[in-house]
J.: 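After the structure tokens below, expect a handful of questions from me.
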Amino acid sequence: MTTDRITSDELHHLDHKNQGIGRMLLHEDLARARMRDWENLAERQRLAHRLVAAQRWRRLSGWAQKRAARSARDL
């Protein structure tokens, strides 16, 4: 699979030379771009979920530490 992009002039030439093939390449390129957008969105969402989970564990840890200190003090 190549990562080279086709210029608009080349695409126009392909479209006239082989009707439909140039359009297919354009649709494939758009599909790849959309897929990359969705992958980027998914990565940002995973990062956000990890951040929220870390904050939640930090709060729980702080609560447990205070409770343990209170229990030790009451003994």
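Here the structure is a predicted model, which means the values were calculated and not measured.
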J.: Remaining members of Val52's ILVMFWY cluster at a side-chain heavy-atom cut-off under 4.5 Å?
T.: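 Taking Ile, Leu, Val, Met, Phe, Trp and Tyr as members, Val52 stands alone, with no cluster partners.
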J.: Tell me, which pairs form a side chain to side chain donor-acceptor pair (under 3.5 Å) where one or both residues lie in residues 46-71, sequence neighbours left out?
T.: Glu43-Arg46
J.: I need the His27 NE2 to Arg34 CZ distance, nearest 0.5 Å.
T.: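 Between atom NE2 of His27 and atom CZ of Arg34 there are 9.5 Å.
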